[in-house]
Number of protein chains: 2
Amino acid sequence: MLATEFKEAITAADRVLVQIRTAIVEGDIPAGTKISEPELARRYDLSRAPLREALARLERCHLIERTPNAGARVVKLSIEGLRSLYQLREELEGLACRLAAEHMTEQEIAEVRALLDQHLSTQRVREGESYYQEAGDVDFHYRVILGSKNPYLINILSDELYFLVRMYRVQLGMNGPRVSRAFDEHKAIINAIANRDGELADLLMRRHIAASKRNIEQQLLQQGTSHG
Amino acid sequence: MLATEFKEAITAADRVLVQIRTAIVEGDIPAGTKISEPELARRYDLSRAPLREALARLERCHLIERTPNAGARVVKLSIEGLRSLYQLREELEGLACRLAAEHMTEQEIAEVRALLDQHLSTQRVREGESYYQEAGDVDFHYRVILGSKNPYLINILSDELYFLVRMYRVQLGMNGPRVSRAFDEHKAIINAIANRDGELADLLMRRHIAASKRNIEQQLLQQGTSHG
DNA sequence: AAGCATCAGATTGTCGACAATAACTGGAAG
DNA sequence: CTTCCAGTTATTGTCGACAATCTGATGCTT
């Protein structure tokens, strides 16, 4: 899905990684499920060697938790986990904004603006389908992150943290007025970057992420209280 | 070395990971070296399966770079790499300080202070031996990072970024007046945390890290100019 | 002579089987 | 009836071998 995955050669471990990762993020493999290596190997029709390679990378992006000799479980979504994750996200994407304001080329900025216009039109067409919003949002953030030009920051955000972020968002959903507001916030952020105002872009991005967090937090609280 | 490694069971992959990682950090396997799986398997007397598991984790902490079907190389130390890495470090350890000022218990703070006193005494005894300073510094930063109580932040800093940080520091060295100053800076940081002044602790930590960066940067520049 | 295609060698990716460890069931003792 | 212990089963960790791919050298063509 992300550009960093298309290095040169695609291996079986890469393919099954994408499949399982998508299944976890979308909830097809529910949170908290015990991972059985033989079962998954049969299911995806390959040996355990590439499967274990894939599991190692899933652990890397915090989608599963392994304990030696005991196996792996799909991570559980929790309010503390969400807070810790978004605390980091605010800080790192804020930094990404400051660096993007410094390093993004005019062409890259123009491309992001074109992307936003495109999102706006598709949003009009497919109103209510939150999945497209989700994809669009991820794409916007991804562009800004790349714009930071810091390889370690890019790696941490887009390869390690973002799949878990998407898991929270996909499984707990974006609702109501939040969807339309996000576009305006994206616009404001890219404007600040275009003006080379890193401080402002940082601030706006932090608020944008904080708002998103509150939204998911409420869903989690409602879900939690209704169950217990 | 770090507490996060002693989970429950120690496997062969864990052991060889620690061995190879130490060899890379200390420079026994020089930067830029091509990694040969069969050779390392013979050298450490095990099969390629656990070795590959170890290599996957080394890639995770940026000590090696793999390209599919082509093999792995030990990472090269560069001035751009150092800057990108320390840019992140400043931000993340600054955050860690703010969180530590909020979450560390009085007892944890007292332990860090005891640790610093101990470092001071051992420094007097073993003056000049920069390795002990190195270990002590890592230990101090590690305590503060743990004090943040944010599991994702802890994981990124101590499991992913810190071995590369250590590689820069061990191979390019800490020299002269920097060593003794570091202790004072550590003292000031833990004092700010003890006063629950997260802002100040953040600022002091950023300066501390920036100073460390400049030190290594100079070494790299001298080394670079003397060669070409 | 330079550039490209082809082939040999080595390396990585994948497979199935074995060994070591952990989880589960059943039974016995308190 | 509960708790602890042992045997059984299933799972993970490791191994050696095979297949697919890349690297480098050789020879041919232009």
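Just so it is clear: chains get the letters A, B, ... in the order the sequence lines come, proteins before strands, and each one is counted from 1.
In terms of phosphate contacts, A/Lys34 brings no side-chain nitrogen or oxygen within less than 4.0 Å of OP1 or OP2 of C/dA22.
In this structure, A/Leu17 places its CG atom 12 Å from P of C/dT14, rounding to the nearest Å. Look at CG on B/Asn69: it is 13 Å from C1' on C/dA10, rounded to the nearest Å. As rounded to whole Å, 19 Å separates atom P of D/dA17 from atom CZ of A/Arg48. If you take CD of B/Glu59 and P of C/dG13, they are 10 Å apart, rounded to a whole angstrom. In this structure, A/Arg42 atom CZ and C/dC15 atom P are separated by 15 Å, rounded to whole Å. In this entry the distance linking CZ of A/Arg52 with C1' of C/dG13 reads 15 Å, nearest Å. Taking atom CG on B/Leu51 and atom C1' on C/dT12, their separation rounds to 12 Å, with Å as the unit. A straight line from CD of A/Glu53 to C1' of C/dT14 spans 11 Å, rounded to a whole angstrom.
The listed nucleotides are D/dT14, C/dT14, C/dT12; the one nearest the side chain of B/Pro38 is C/dT12. The nucleotide whose nearest atom lies closest to any side-chain atom of A/Thr11 is, among D/dT14, C/dG13, D/dC15, C/dG13. Closest to the A/Ala13 side chain, of the nucleotides D/dC22, C/dT14, C/dC15, is C/dT14. With D/dG13, C/dA23, D/dC15 as the choices, the nucleotide that has an atom nearest any side-chain atom of A/Ala70 turns out to be C/dA23.
Using a 4.0 Å heavy-atom distance criterion, A/Leu55 is classed as making no nucleic acid contact.
In this structure, A/Gly32 and A/Lys76 approach most closely via the heavy-atom pair CA-CG, 3.8 Å. The minimum heavy-atom distance between B/His103 and B/Ser148, with the atom names listed, is CD2-O, 3.4 Å.
A/Arg166 forms no cation-pi arrangement with A/Phe163, by the criterion of a distance under 6.0 Å to the ring centre and an angle within 45° of the ring axis.
Ring geometry for A/Phe140 against A/His186 counts as parallel: the plane angle stays under 30°, on a 0 to 90° scale with 60° as the upper cut. Taking the six-membered ring where tryptophan is involved, the planes of A/Tyr162 and A/His141 are tilted, since the angle between them lies from 30° to 60°.
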